[in-house]
Amino acid sequence: MGTRPRRIAWPVTIIVVVFLLVVTRVSGEPAPVGRRALREDKVPVPIRVTGDNVVVVSPGLKPGLADDDGVVETTQGGSVGAGKDSSKSDSATQTTSDASSSSETTTDGGSADEIMFRTGIDPKFVQRVAGGSGCVVVTWANDHYRDFARSWVGNLKQIGITNYMVGAMDEDLFEYLNDEKINTWLMGSRGIEKSKVKADFGWGSKNFHKMGRDKIRLIRDFTLIGFDVLISDIDVAWLRDPVPFFRQFPGADMLVSTDQLRSETAMNDDQVNFTKNGIAKNIARPEGLEFHVCHASLNIGMMWFRSTSGSRNLTDTWVKLIEEDDKLWDQNAFNDLVRAGKTCAGRSDPTGSGLYKAWDDQITIGALPASTFANGHVFHVQKTHSRADIQLDPYAVHNTFQYGGTPGKRHRMREANVWRGEDFGARFLLESDDGDEPPLAGFLSYTPKIPAGVDLGLFAARSWPAAKDDTFPSIETINDPLVAAHAALVEYQLKQLRVAVALATKLHRVVIAPPILCGLDRVWYPHFGRFPGSEFDLPFVCPLDHVLAVERSTKMNLLREFTFLSHPELPSAIRTSVAVVDVEGDDDGDSDDGVEFPRDVKQCATGPGTGSDSGNGTETCGWLGVSRDVSIGKRRAVVSSTSRDPESFANAIAQVRSSAVVHFSSVTPFMAGRKGHAGWEPWYEHAKEVVSPDAWCCAKDGHKQFEVE
């Protein structure tokens, strides 16, 4: 470019350096960013909104966020954080038909590019994130759910979705998300005290319901901006881009997930013909909506809203309802609105699409297929999407229908290999900041056994489809032989888990829990063996929170999920550093060493990123995959019947202890009452803190507490 630009480079550099020193106050700290600062964009976005939910910002001031008292703060200074350039959009391509001229003004007198909403949304930021896709994918969280936000975003990035936004309910999460270059804005909360906004709200609590109101206001504001929006709870794992599916239903105002426990996407010829020959034929595999929006409660954890007048009117009414009654649950309010009028008596449109007129014929709505937009029971318990007659890759799993609170949700996603919120160093490399504890040497796994004396046929008789919901009555008492058989089955396995923790403590290792075989399903109320409405076989591999007090345990960091060895982020150096230890049984042959898992029981969740199977029906999640992988060399050792005391045991496996994963063929010879149990008492005391049994629920007279000696 010649010499002239070079002569002015040094003065420019000096000016920049001086400026940086000033804004960092020479101390190296970053310049303070306004507490309510948001991203900005030079491109104005068209909006058609009026009303008290709109804030007109004075010229020269950056958009702000309403405090709990409704007073809007504004900040001067630059906006922060990462955004998505509209020229780089790689999501869906259809744009909304409701967008109009950017010169439009509101009745409050402000131009469109000066408007923002009391939920903190900056329309210009939304446009920047949406790019050419015409839509955004939105969730929100507080700092307690930081790892959930990391996992939620990680799954979206894995499937190529970048037009996402995460609303931060507190400043700590906002700062973290910005540091991680995650599209975010400071959403805050209108009802939750600032001192409590970062805590775990707890399902059903007062703050939980206040958080729900923040969510509904957020939905309302997004429908006003002029883009289609996918609203997602933070505990949803997205496994496949759902927008192409949504776009197959251009007549819908909204599509919503369901708590339905069975698939009803092919109930009649109209549905079948639609999925084969109608609009839905344009997607890779024929998929349709559920038969009826009223066959189960709609779940607001996954909601697709098109930018239509119907969506705007319903969400506005929804907000008014929940603000008038602080005891009204947001999800119940939504279902009440949808069902108003003749919705539940109505029929789908003539094409068989599954779309219904609802809310007194003011909106068009459909229920997303339960098999692929799955709730926690359909995905984790029934594994409906991988059933032989369905065989569809899931779009998402919403981790509901579980019994372990926040830790239970996290563990469910780990078991399915769809959790991407890990602290890599602590989870995989066993790094620790605790200098008082000896470093952990690796992982310990084992092949589980089940008791020989339990008749699995008792449970199989209550399997679907042989047993319908009305074939058997609800179980009367926890003293029923069926409940006793289920307890014996579970307790035998939990005893082995305690044994494994004791052995791992001696070896300074972390236990990879095995799959747990359950005879009966777990429900919040009396039932006949399966969750009413579900369709799956008994016995089944159940989530760990069905049998273990996951939420109450303070030592869950000393357990890993049974699919751990197929986690997509696990370093191959760990997965391929394996030793197998053969544990010999007692010489007398009288002891119960248990029997193998039934081979016809499916263990792995299939689908994108879930550990899946080999493509020929051979399951490859967790230890199953490692054991069947002939490319992984496995070192060998033997623990004889005379070398089970702690010291002899340690010596017997000394030659393989450098392996990252040491797998035992069995741990039953170390169980209480066996010869190998002697001498292990100190380690068993520690194991009790890790393996805390929960209860089965329920017979008509209550629950059955699992007991493990």
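Heads up: numbering here begins at 1 and tracks the sequence.
- For the pair Leu544 and Glu561, the minimum side-chain heavy-atom distance is 4.5 Å or more.
- Phe443 is not listed as a side-chain neighbour of Leu507, based on a closest heavy-atom distance of 4.5 Å or more.
- Taking 4.5 Å as the limit, every side-chain heavy atom of Trp238 sits out of range of all side-chain heavy atoms of Val397.
- Judged by a 6.0 Å distance limit and a 45° cone about the ring axis, Arg240 is positioned over the six-membered ring of Tyr395.
- Note on ring orientation: taking the six-membered ring where Trp is involved, the planes of Tyr145 and Phe148 are perpendicular (angle over 60°, cut-offs 30° and 60°).
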With side chain to side chain contact (heavy atoms under 4.5 Å, CB included) as the criterion, how do Val690 and His686 come out once you've worked through the C-alpha distance, each side chain's angles and the decisive distance to 0.1 Å? CA-CA 7 Å; Val690 180; His686 173 71; 4.1 Å; yes
Side chain to side chain donor-acceptor pair (under 3.5 Å) evaluation trace for Thr400 with Asn375: CA-CA 6 Å; Thr400 54; Asn375 56 57; 4.9 Å; no
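- The backbone N or O of Ala370 sits nowhere less than 3.5 Å from a side-chain atom of Glu264 that would complete a donor-acceptor pair.
- Ser566 contributes a side-chain N or O that, together with a main-chain N or O of Gly622, makes up a donor-acceptor pair within less than 3.5 Å.
- A donor-acceptor pair is defined here as one N or O able to donate and one able to accept, closer than 3.5 Å; such a pair exists between the side chain of Gln402 and the backbone of Gly404.
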One pair to check against side chain to side chain contact (heavy atoms under 4.5 Å, CB included): Thr471 and Phe528. What are the steps and the verdict? CA-CA 9 Å; Thr471 302; Phe528 68 93; over 6 Å; no
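- Using a 4.0 Å cut-off between charged side-chain N and carboxylate O, Glu685 and Lys688 make a salt bridge.
- Tested against Arg509, the residues Leu440, Val662, Leu503 include a single side-chain contact (heavy atoms from CB on, under 4.5 Å) partner, Val662.
- His398 and Asp235 form a side-chain donor-acceptor contact under 3.5 Å, judged by distance and modelled atom types alone.
- Although no hydrogens or angles enter the test, the distance criterion places no donor-acceptor pair under 3.5 Å between the side chain of Lys449 and the main chain of Thr447.
- Proximity of Arg560 to Arg427: side-chain heavy atoms (C-beta onward) are separated by under 4.5 Å at one or more points.
- The distance from the NE2 atom of His486 to the CG atom of Leu517 is 9.5 Å, given to the nearest 0.5 Å.
- Using a 4.0 Å cut-off between a side-chain N of Lys or Arg and a carboxylate O of Asp or Glu, Arg262 and Asp469 qualify as a salt bridge.
- No donor-acceptor pair closer than 3.5 Å links the side chain of Ser371 to the backbone N or O of His385.
- Between Lys675 and Glu584, none of the side-chain N atoms (NZ, or NE/NH1/NH2) sits under 4.0 Å from a carboxylate O, so this pair counts as no salt bridge.
- Looking only at distances, no side-chain donor or acceptor of Ser659 sits under 3.5 Å from a matching main-chain atom of Ser577.
- When each of Trp623, Trp419, Phe428 is paired with Phe564, the ring-ring contact (aromatic ring centres under 6.0 Å, His included) condition holds for Phe428 and for no other.
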Working note: Glu290 + His295, criterion side chain to side chain donor-acceptor pair (under 3.5 Å); need CA distance, chi angles, decisive distance, verdict. CA-CA 9 Å; Glu290 290 296 339; His295 277 196; over 6 Å; no
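- Under the 3.5 Å distance criterion, with hydrogens and angles disregarded, a donor-acceptor pair is assigned to the side chains of Ser445 and His663.
- A centroid separation of 6.0 Å or more is found between the aromatic rings of Phe459 and Phe540.
- The two residues Gly408 and Asp545 have their closest heavy-atom pair at O-OD2, 4.2 Å.
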Could you walk me through whether Leu538 and Arg530 pass the side chain to side chain contact (heavy atoms under 4.5 Å, CB included) check? CA-CA 8 Å; Leu538 301 177; Arg530 287 186 289 108; 3.7 Å; yes
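- The minimum heavy-atom distance between Gly529 and Ile475, with the atom names listed, is N-CD1, 4.5 Å.
- Nearest heavy atoms, Arg635 versus Ser658: NH1-OG, 2.7 Å.
- For the side chain to side chain contact (heavy atoms under 4.5 Å, CB included) test, residues two or more places apart in sequence or in another chain that qualify with Asp537 are Ser463.
- Considering only heavy atoms from C-beta on, Val381 stays 4.5 Å or farther from Ser534 through its side chain.
- Considering SG of Cys518 and CD of Gln493, their distance stands at 7.0 Å, rounded to 0.5 Å.
- Considering only heavy atoms from C-beta on, Phe379 stays 4.5 Å or farther from Arg412 through its side chain.
- Using a cutoff of 4.0 Å between basic side-chain nitrogens and carboxylate oxygens, Glu535 and Arg387 are scored as salt-bridged.
- Side-chain rings of Tyr403 and Trp524 approach one another, their centers coming within less than 6.0 Å.
- Summarising the geometry of Ala452 relative to Val595, their closest heavy-atom pair is CB-CG1, 3.8 Å, with the distance given to 0.1 Å.
- Within the 3.5 Å criterion, the main-chain N or O of Val626 finds a donor-acceptor partner in the side chain of Lys634.
- The only member of His380, Arg410, His411 that meets side-chain hydrogen bond (donor to acceptor under 3.5 Å, both in side chains) when paired with Asn399 is His380.
- A donor-acceptor contact closer than 3.5 angstrom links the side chains of Ser643 and Ser640.
- Contact of the Asp521 side chain with the His546 side chain is registered, since non-hydrogen atoms from C-beta on lie closer than 4.5 Å.
- Aromatic ring centres of Phe664 and Phe649: separated by under 6.0 Å.
- Pro598 is listed as a side-chain neighbour of Ile450, based on a closest heavy-atom distance under 4.5 Å.
- Taking NZ from Lys704 and OG1 from Thr477, the interatomic distance works out to 9.5 Å, rounded to the nearest 0.5 Å.
- Side-chain N or O atoms of Glu491 include one that pairs as donor or acceptor with a backbone N or O of Glu707 at under 3.5 Å.
- Cation-pi geometry between Arg462 and Phe472 is satisfied (NZ or CZ under 6.0 Å from the ring centre, within 45° of the ring normal).
- Between Val639 and Arg644, the shortest heavy-atom distance links the atoms CG1-CG, 4.2 Å.
- Taking every heavy atom of both residues into account, Val601 and Pro539 meet most closely at CG2-O, 4.1 Å.
- Rounding to the nearest 0.5 Å gives a distance of 12.0 Å between CG of Leu565 and OG1 of Thr620.
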Let me see the working for Leu558 and Val501 under side chain to side chain contact (heavy atoms under 4.5 Å, CB included), right down to the final yes or no. CA-CA 8 Å; Leu558 296 179; Val501 172; 5.9 Å; no
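- Gln655 places no side-chain N or O within donor-acceptor distance of the main-chain N or O of Ala637, the cut-off being under 3.5 Å.
- In this structure, the side chain of His527 engages the main chain of Cys697 through a donor-acceptor pair within 3.5 Å.
- Using cut-offs of 30° and 60° for the angle between ring planes, the Phe401 and Phe531 rings count as perpendicular.
- Remark: Gln603 CD to Ile516 CD1 distance equals 10.5 Å, nearest 0.5 Å.
- Within the model, atoms CD of Glu431 and CG of Asp423 stand 8.0 Å from one another, a figure rounded to the nearest 0.5 Å.
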